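One structure below.
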Protein chains: 2
Amino acid sequence: MSSETSQVEGQRRPGRPRDERADAAIVAAALELLGEVGVHRFRMDDVAGRAGVGKATIYRRYPSKERLVAAAVASLVSEIAVPDTGSTRGDLRSLMRDAVAVYSRPHAGGLMAGLVEAMCHEPALAAAVREGFLATRRRALERVIERGVERGDLAAGLDLQLALDVLGGPLFYRLLITGGPIDGQLADGVVELILTGFGVPRGNHPKGA
Amino acid sequence: MSSETSQVEGQRRPGRPRDERADAAIVAAALELLGEVGVHRFRMDDVAGRAGVGKATIYRRYPSKERLVAAAVASLVSEIAVPDTGSTRGDLRSLMRDAVAVYSRPHAGGLMAGLVEAMCHEPALAAAVREGFLATRRRALERVIERGVERGDLAAGLDLQLALDVLGGPLFYRLLITGGPIDGQLADGVVELILTGFGVPRGNHPKGA
DNA sequence: GCATTGCGATACTTGACAGTATCGTAATTG
DNA sequence: CAATTACGATACTGTCAAGTATCGCAATGC
């Protein structure tokens with residue numbers, strides 16, 4: 001799935017095979033440039049130059065600039081396992097620290113900004129990003145919160161959407177707007193807020209009086 | 001300040017004066033288009049067409065497309081008063097509902113997305129937006145939180161930056177990413193979370209046992 | 001009235017860049 | 001070996017849009 005052009009398994013075309021290093025170099029260069037200069041000034045010639053590749057090599061794989069951009073973005077989708085540290089706090093922290101790591105990648109800000117911009121005017125891309133990029137992380141958080149409720153750490157009637165957006169929003173906000181630090185302190189602070197704010201009403205705290 | 005070209009007060013050039021309606025129409029058309037199609041496909045010809053104005057009329061005011069975009073964005077800056085409802089909850093809700101209203105404007109999503117994208121690659125614009133757009137709202141929230149601490153509603157040692165980003169982040173996140181509802185429920189939910197999560201430690205809760 | 005500036009409209013110039021074509025060469029299969 | 005496809009490089013084509021110039025006319029001050 002590293003390249004766009006699909007090919008039936010096992011059956012192989014005659015002639016020189018595609019260079020897989022070129023596949024990787026093209027996507028890597030595209031991601032770098034998207035982050036650095038934005039979709040706006042993203043040029044195919046630059047991609048070719050940075051990837052050390054001829055333009056024809058790109059167009060042999062992707063029929064247009066848009067498709068290359070889409071493929072580059074799609075390559076960022078990754079699997080997220082639901083953590084199980086034994087405590088709700090530990091699980092939430094684990095997921096949030098993962099998120100911090102993702103948002104701390106080299107050109108995460110520029111990349112996200114470009115992505116967001118594109119999503120607003122291309123519903124298909126928006127759907128793809130929401131489903132491929134966001135949904136897995138969101139489902140993992142959802143599962144952890146559910147378990148938190150079962151454990152009695154979180155209130156049963158909590159507003160799940162609100163909780164998810166409070167967990168994700170501040171990171172995103174710092175990345176794109178305030179420019180504040182995206183670090184463990186932020187991650188842990190948000191988690192504590194959720195645990196306190198959505199914790200079960202006080203008085204019946206298990207280990208307390 | 002409706003137009004870019006400055007002119008010394010009181011001293012006036014000969015000839016026909018600028019049409020102020022054109023000033024307004026140009027900025028309005030620019031904002032609409034920025035929200036609808038994004039910076040990427042923002043065309044001066046379209047601005048002229050929508051504003052019912054010749055291109056020369058635009059270029060007489062703004063020397064380039066970039067400057068027009070910057071001016072249009074700058075026109076969005078508004079004053080924000082620090083509310084004083086008598087309670088921390090009321091003050092926070094008031095500010096948050098203002099924010100909800102701003103984010104609910106016609107093309108707020110597209111506009112914000114384009115703005116964010118531009119900010120990532122133009123530090124000058126980023127600084128301008130942060131200072132003119134964000135700082136006033138942020139300072140108002142800051143003041144309200146300070147008063148909340150003085151009143152004893154909020155803990156003295158709270159992480160102010162975190163509180164501000166938790167108040168602002170979720171709205172922003174829904175606007176640009178999740179597409180969730182931006183309404184009173186969100187605003188109030190976030191406020192309750194802040195009040196509970198950053199409230200003074202329990203036990204000395206005034207009305208509880 | 002006359003000079004000056006602004007107006008909308010339209011035509012024009014110019015640069016940037018997506019996408020294509022071509023060249024000489026390299027890696028495969030048969 | 002021949003046929004086929006890929007490679008990097010470079011030149012080319014075509015389109016799109018920013019910015020300029022010009023036209024005939026309107027509004028202002030002198």
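Just so we're on the same page: letters track the sequence lines, and every chain starts at 1. Nothing here was measured: the structure is a model prediction, and the numbers come from that model.
- Comparing dC7(C), dG8(D), dG19(C) against the side chain of Val53(A) picks out dG8(D) as the nearest.
- Comparing dA26(C), dC7(C), dA9(C) against the side chain of Arg60(B) picks out dC7(C) as the nearest.
- Closest approach of Tyr173(A) to Leu164(B), counting heavy atoms only: CE2-O, 4.5 Å.
- Mapping Gly54(B) and Glu66(A) onto DNA chain C via the closest heavy atom, the residue that lands nearer the 5' end is Gly54(B).
- Atom pair Met44(A):CE and dT20(C):C1' shows a separation of 12 Å (rounding to whole Å applied).
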From CA spacing to verdict: salt bridge (Lys or Arg N to Asp or Glu O under 4.0 Å), Asp19(B), Arg21(B): CA-CA 5 Å; Asp19(B) 185 344; Arg21(B) 288 172 321 186; 3.2 Å; yes
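- Ionic pairing of Glu32(B) and Arg105(B) is not present here: no N-O contact between side-chain nitrogen and carboxylate oxygen is shorter than 4.0 angstrom.
- Between Asp23(B) atom CG and dG6(C) atom P there is a gap of 11 Å when expressed in whole angstrom units.
- For dG6(C), neither phosphate oxygen OP1 nor OP2 lies less than 4.0 angstrom from any side-chain nitrogen or oxygen of Thr57(B).
- The base of dG8(C) has none of its N or O atoms less than 3.5 Å from a complementary donor or acceptor on the side chain of Lys55(B).
- Between the CD atom of Glu20(A) and the P atom of dC7(D) there is a distance of 11 Å, given to the nearest Å.
- Rounding to whole angstrom units, NZ of residue Lys65(B) and C1' of dG15(C) are separated by 14 Å.
- The side chain of Ser64(A) lies closest to dG19(C), out of dT4(D), dC7(D), dG19(C).
- Under the side chain to side chain contact (heavy atoms under 4.5 Å, CB included) test applied with Val149(B), the options Leu154(B), Thr88(B), Leu160(B), Val200(B) reduce to a single match, Leu154(B).
- The phosphate of dA6(D) (OP1 or OP2) has a side-chain N or O of Arg18(A) nearer than 4.0 angstrom.
- If you measure from atom NE2 of His40(A) to atom C1' of dA18(D), you get 11 Å, rounded to the nearest angstrom.
- Between the base of dA17(D) and the side chain of Arg43(B) there is no donor-acceptor pair shorter than 3.5 Å.
- For the pair Asp46(B) CG and dA18(D) C1', the computed distance is 13 Å after rounding to whole Å.
- Arg61(A) has a side-chain polar atom (N or O) that falls below the 4.0 Å cut-off from OP1 or OP2 of dC7(D).
- With the nearest nucleotide of DNA chain C identified for both Ala56(A) and Ala51(B), Ala51(B) has the one nearer the 5' end.
- In this structure, Arg16(B) atom CZ and dC7(C) atom P are separated by 6 Å, rounded to whole Å.
- Distance Arg41(B) CZ to dA18(C) C1': 13 Å, rounded to the nearest Å.
- Contact between Asp91(B) and Val144(B) at its shortest, heavy atoms only, is CB-CG1, 3.5 Å.
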